[in-house]
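Below is one structure, written out as structure tokens; the observations come after it.
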Amino acid sequence: MLRRKIREEIIESLKRNYPHVEPSSFEIEKPKRPEFGDLSTNIALVHQNILKAKARDIAEILANDLRSKTELFTKVEVAGPGFINFWINSDLYRNNLKEIITKRDHYGRCDLGQGKKVLVEFVSANPTGPLHIGHGRGAAYGDALARLLKFAGFEVVKEYYINDRGTQMEILGASVLYRAKELRGEKIVFPEDYYQGDYIYDIAREALKLYPDLLEKEEKEALEICKELAIKTILEDIKRDLEIFRVHYDSWYSERELYRKGLVEEVIEVLKQKGYIYEEDGALWFKSSAFGDEKDRVVRKSSGEWTYFASDIAYHYEKFLLRGFDFGVNLWGADHHGYVPRLKGALSALEINPERLRILLIQMVNLIEGGQLKSMSTRRAEYVELKELVRDVGVDAVRFIFLSRSQDAPLDFDVDLVKKQSAENPVYYVQYAHARISSVWEKAKTIGLSPEDLLKSNLSLLQEEESLEILRKLAEFSDIIELSALQLAPYRIVYYLLELAGLFHEYYNKFKIVSSDKELTLARLALAEGCRIVIKNGLELLGVESPERM
RNA sequence: GCCCCUGUAGCUCAGUAGGAUAGAGCGUGAGAUUCCUAAUCUCAAGGUCGCAGGUUCGAAUCCUGCCAGGGGCGCCA
């Protein structure tokens, strides 16, 4: 917010001094070193070629001009090859602190989204087994992203797309039926490519209880019963696991629903009208090569079955054209990356701007157990359940680990290490700052101070460098929100919170907040309260709790 | 072979769409608590930013090539 104001001033100044020039893009950033000021711009360096002048000369002219803005700057300097460094009038930061205290939960919100409708689709694991830690990463990331976009002014719907039809579902049903036979004492050979997990036994047991005559029924009917029961049971488990993980969906969308509504045939017909569908070798093909894909793709197999791709086209057709979403964010496993061009191609063919769909590929979670790298597989029952991890380590710690990395960096997950080190999880560092501030309030209340008194506080008493540093950091929060929303990068909030918590802990150790000096106490309480509010708002976006005590 | 991601301190990772002398945490070593929570703080040691070129005032960041690790390239889902 502050940054935007300063940017405007700089552009104004450039225009005043060089009326003939069209300003090109430049940076305003926080320099690494304090002697380079609070903010710095490279505008003179960027324009030196266009203006055919030395960067330092341009910088001097602009700096001279901007020095007169004393309500904004206390000092403006030219440095190095031609940077202009600004020292910000710290009253601006003090006013910002008042704003934080007034706005509370709302501090940091912005209108980047302008009420545009976004559908965030994530996890969407096939209902063939329990959620494992790989899904957990997607769950944490998608949920935080949805919270963030909402905070940034979008209208957000969180959706789980259920692949509840197709080959895998048939295999699932068959797996249950085989286990049921086994339970009844039949000698069976359980196929390798069937689902191996123990939960299949549980479902089989349940099936036999509900349908004592299951094995006497026609094979086809029995399979159907097993399949339906399996999908229902597993989906319930998935929902429960996600709720425990504090992920709540607005919408569960069934792939079958697309067929029930006839949307698959409808959209393929639309594409056919546009000339992007053709028949070859008995199958129907979509001309994705016309949109940069390396080859065309099958939408209906020669067997007459629709492919997963066909459902997906219909799903996105409905999402953008019928349900009216302005944007879509899909979180996919990185192993689906080859799938991106064909889906974007299909959107283009439907005259939906593919830019409206952002597909984030979540890199692998490598499972390390006993020092061994393991690949996770639902079918082979090689995985660590999300539920189990959450039970051992806690929701906050698990979410924080997943959210502290960009989605495109692979994540090595050493289960033993995480369990052992859960007590050292950085999430506690941030939460501890919040708890400490709450505890400071306990103390302040004993001498008769309450949050209402803060608005009367005299913030000009906050003069130490450590106070100013915190004030500046607090003002950065809105920049961080905007940036992480634009980049769909919630992990930036994680690092921001760690920095803010660090500054607070440092301050806390060095200065006494509650003292006999009532005026100073109020000012410092205001600073602490600003930290508390921003930490709480930030953690809320991550889906992490802010405890009053630890 | 082609495509995507990754490579920064012993380990795990930041580095804000190119900036000034490269940053944390863990681990290692030394210290801080009669006082608001020591899940904290202070100090120290630790680097060829995978390698080689290029672009420019300036590169960990952008481009090209190479090396290493992971993933993907079906009428599978």
Side-chain angles (χ1 to χ4, degrees), chain A residues 25 27 29-33 35-36 40 42 45-46 48-49 54-56 79-83 85 126 128 163 165-169 171 280-285 294-295 297-303 305 307-309 311-312 333-341 361-364 366 373 375 401 404-412 414 417 421 423-433 435-444 446 476 479-480 483-484 486-487 489 491-492 494-496 498-499 501-502 504-515 521 524-525 528 549-550:
Chain A
S25 73
E27 295 302 316
E29 56 172 24
K30 187 179 154 190
K32 282 177 205 147
R33 307 171 65 80
E35 59 267 37
F36 297 140
S40 173
N42 62 355
L45 290 157
V46 169
Q48 58 184 334
N49 288 335
K54 280 195 172 152
R56 279 201 69 110
F83 292 101
N85 297 336
N126 290 356
T128 54
N163 294 120
R165 58 181 294 287
T167 324
Q168 292 310 313
M169 293 306 111
I171 294 176
E280 197 178 286
D281 301 331
L284 279 187
W285 298 72
E294 52 194 19
K295 52 176 286 198
R297 307 291 174 173
V298 170
V299 290
R300 198 181 65 201
K301 302 185 232 175
S302 52
S303 65
E305 290 222 24
T307 60
Y308 181 83
F309 179 41
S311 316
D312 241 6
D335 51 348
H336 286 66
H337 93 267
Y339 201 79
V340 175
L361 299 171
I362 309 240
Q363 291 295 322
M364 287 281 138
N366 297 313
L373 191 74
S375 65
I401 289 169
S404 58
R405 272 158 191 71
S406 167
Q407 101 287 340
D408 56 14
L411 184 99
D412 285 342
D414 187 326
L417 202 66
Q421 292 189 339
E424 295 157 21
N425 193 298
V427 72
Y428 302 123
Y429 186 79
V430 179
Q431 290 182 317
Y432 188 53
R436 265 185 157 172
I437 298 167
S438 305
S439 162
V440 169
W441 271 115
E442 293 295 312
K443 174 84 175 179
T446 64
E476 252 177 62
D479 296 333
I480 296 291
L483 186 69
S484 43
L486 273 174
Q487 299 185 340
Y491 72 92
R492 294 196 181 285
V494 170
Y495 286 96
Y496 170 80
L498 285 168
E499 285 166 20
F504 176 76
H505 285 308
E506 194 183 320
Y507 186 85
Y508 180 91
N509 271 276
K510 195 157 175 181
F511 302 99
K512 189 107 176 94
I513 295 173
V514 179
S515 67
T521 298
R524 289 183 172 170
L525 269 175
R549 50 182 56 235
M550 290 172 70

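Since we're looking at a predicted model, the values are computed, not measured.
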Review point. Using a cut-off of 4.0 Å on non-hydrogen atoms, how would the nucleic acid contact of A/W441 be classed: base, sugar-phosphate, or nothing?
Key: nothing
Exercise for review: Could you please name the option among B/A39, B/U40, B/C75 that lies closest to any side-chain atom of A/M550?
Suggested key: B/A39
Exercise for review: Report, as a single string ordered 5' to 3', how protein heavy atoms within less than 4.0 Å touch nucleotides 8-13 of chain B: B base, S sugar-phosphate only, - not at all.
Suggested key: ----SS
Revision key, fill the gap. Closest to the side chain of A/F36, out of B/C5, B/A20, B/U42, is B/A20
Practice item. May I ask you to verify if any side-chain N or O of A/Q487 is less than 4.0 angstrom from the OP1 or OP2 atom of B/U16? Key: no
Review point. What's the CD-C1' distance between A/E29 and B/A20, to the nearest Å?
Key: 10 Å
Review point. When we call it a touch if two heavy atoms are under 4.0 Å apart, what does A/K510 touch: a base, just sugar-phosphate, or nothing?
Key: nothing
Practice item. Respond yes when some side-chain nitrogen or oxygen of A/K295 is under 4.0 Å from OP1 or OP2 of B/C75, and no when none is. Key: yes
Check your understanding: A/H505 stacking on B/A39: centroids under 5.5 Å, ring planes under 30°?
Key -> no
**Study point:** C1'-based separation of B/C62 from B/G70 [nearest Å]
**Key:** 25 Å
Check your understanding: So what does A/Q48 touch, heavy atoms closer than 4.0 Å: a base, only the sugar-phosphate, or nothing?
Key -> base
Practice item. Using a 4.0 Å heavy-atom cut-off across all strands, classify A/A79 as base, sugar-phosphate, or nothing. Key: base
Exercise for review: Report the distance from atom CZ of A/R549 to atom C1' of B/U40, rounded to the nearest whole Å.
Suggested key: 17 Å
Review point. Does A/N85 make a side-chain donor-acceptor contact with the base of B/A20, cut-off 3.5 Å?
Key: yes
Exercise for review: Among the candidates B/C75, B/G72, B/A38, find the nucleotide nearest to the side-chain atoms of A/D335.
Suggested key: B/G72
Check your understanding: Between A/E305 (CD) and B/G74 (C1'), how many Å, whole number?
Key -> 15 Å
Check your understanding: For A/F511, which contact category applies under a 4.0 Å heavy-atom criterion: base, sugar-phosphate, or nothing?
Key -> base
Check your understanding: Taking the P atom of each, how far is B/G1 from B/A17, in whole Å?
Key -> 35 Å
Point to revise | Position toward the 5' end of RNA chain B (nearest nucleotide), A/L361 or A/A501 | key: A/L361
Review point. Which whole number of Å gives the distance between the P atom of B/U16 and that of B/G23?
Key: 13 Å
Review point. Nearest to the side chain of A/E506, which nucleotide is it out of B/A77, B/C41, B/C57?
Key: B/C41
Review point. Heavy atoms under 4.0 Å, any strand shown: does A/K54 hit a base, just sugar-phosphate, or nothing?
Key: nothing
Check your understanding: Is there a side-chain polar atom (N or O) of A/Y491 under 4.0 Å from OP1 or OP2 of B/G15?
Key -> yes
Check your understanding: Which nucleotide sits closest to the side chain of A/Y432: B/A17, B/G15, B/A39?
Key -> B/A39
Study note, to complete from the structure: Separation of B/C41 atom C1' from A/K512 atom NZ, nearest Å, is 15 Å
Point to revise | Shortest side-chain distance from A/T167, nucleotide among B/A77, B/U40, B/C75 | key: B/A77
Sort me out a list of protein N/O and nucleotides 1-3 of chain B N/O pairs below 3.5 Å, or just none if empty.
| unit_1 | atom_1 | unit_2 | atom_2 | d |
| --- | --- | --- | --- | --- |
| B/C3 | O2 | A/H337 | NE2 | 3.1 |

Review point. When rounded to the nearest Å, what value does the distance between C1' atoms of B/C36 and B/C41 take?
Key: 15 Å
Review point. Can you tell which of B/C75, B/C57, B/U16 lies closest to the side chain of A/P81?
Key: B/C57
Exercise for review: Round to a whole Å and report the spacing from CG of A/N42 to P of B/G19.
Suggested key: 8 Å
Check your understanding: How many Å lie between CG on A/N425 and P on B/A39, as a whole number?
Key -> 16 Å
Point to revise | Nearest-angstrom distance, C1' atom, B/G71 to B/U8 | key: 23 Å
**Study point:** Distance between P atoms of B/A60 and B/C73 (Å, rounded)
**Key:** 37 Å
**Study point:** Near-ring test A/Y507/A/F511, centroid separation under 6.0 angstrom
**Key:** yes
Check your understanding: When all nucleic acid strands are considered with a 4.0 Å heavy-atom cut-off, which category describes A/I513: base, sugar-phosphate, or nothing?
Key -> base
Review point. With nearest nucleotides of RNA chain B determined for A/S515 and A/F83 from heavy-atom distances, which residue corresponds to the more 5′ nucleotide?
Key: A/F83
Check your understanding: With side chains defined as the heavy atoms from C-beta onward, is the minimum distance between A/T128 and A/M169 less than 4.5 Å?
Key -> yes
Point to revise | C1' spacing across the pair B/A68 / B/G15, given as an integer number of angstrom | key: 23 Å
Point to revise | Watson-Crick/G-U partner (both atom distances under 3.5 Å) of B/U64 | key: B/A52
Review point. How far, in whole Å, is B/C3 from B/G10 if one measures between their C1' atoms?
Key: 35 Å
Revision key, fill the gap. Which of B/C36, B/G19, B/C75 is nearest the side chain of A/Y508? It is B/C36
Review point. Counting any heavy atom closer than 4.0 Å, what does A/E280 reach on the DNA or RNA strands: base, sugar-phosphate only, or nothing?
Key: base
Exercise for review: Please confirm whether any donor atom in the side chain of A/T307 sits under 3.5 Å from an acceptor in the base of B/C75, or the reverse.
Suggested key: no
Check your understanding: Rounded to whole angstroms, how far apart are NE2 on A/H336 and P on B/G72?
Key -> 10 Å
Check your understanding: Are A/Y508 and A/I437 close enough that some pair of their side-chain heavy atoms sits under 4.5 Å apart?
Key -> no
Exercise for review: Provide, to the nearest angstrom, the distance between the CG atom belonging to A/D408 and the P atom belonging to B/C5.
Suggested key: 8 Å
Exercise for review: Name the nucleic acid region contacted by A/K301, choosing base, sugar-phosphate or nothing; use a 4.0 angstrom heavy-atom cut-off, strictly under.
Suggested key: base
Exercise for review: Name the nucleic acid region contacted by A/A435, choosing base, sugar-phosphate or nothing; use a 4.0 angstrom heavy-atom cut-off, strictly under.
Suggested key: base
Check your understanding: Out of B/C5, B/C36, B/G19, which has the shortest distance to the side chain of A/L45?
Key -> B/G19
**Study point:** A/L361 side chain near A/D408 side chain, heavy-atom distance below 4.5 Å
**Key:** no
Practice item. Check every strand shown and say whether A/Y339 touches a base, only sugar-phosphate, or nothing at a heavy-atom separation below 4.0 Å. Key: base
**Study point:** A/Y308, nearest nucleotide to its side chain (from B/C75, B/A77, B/G71)
**Key:** B/A77
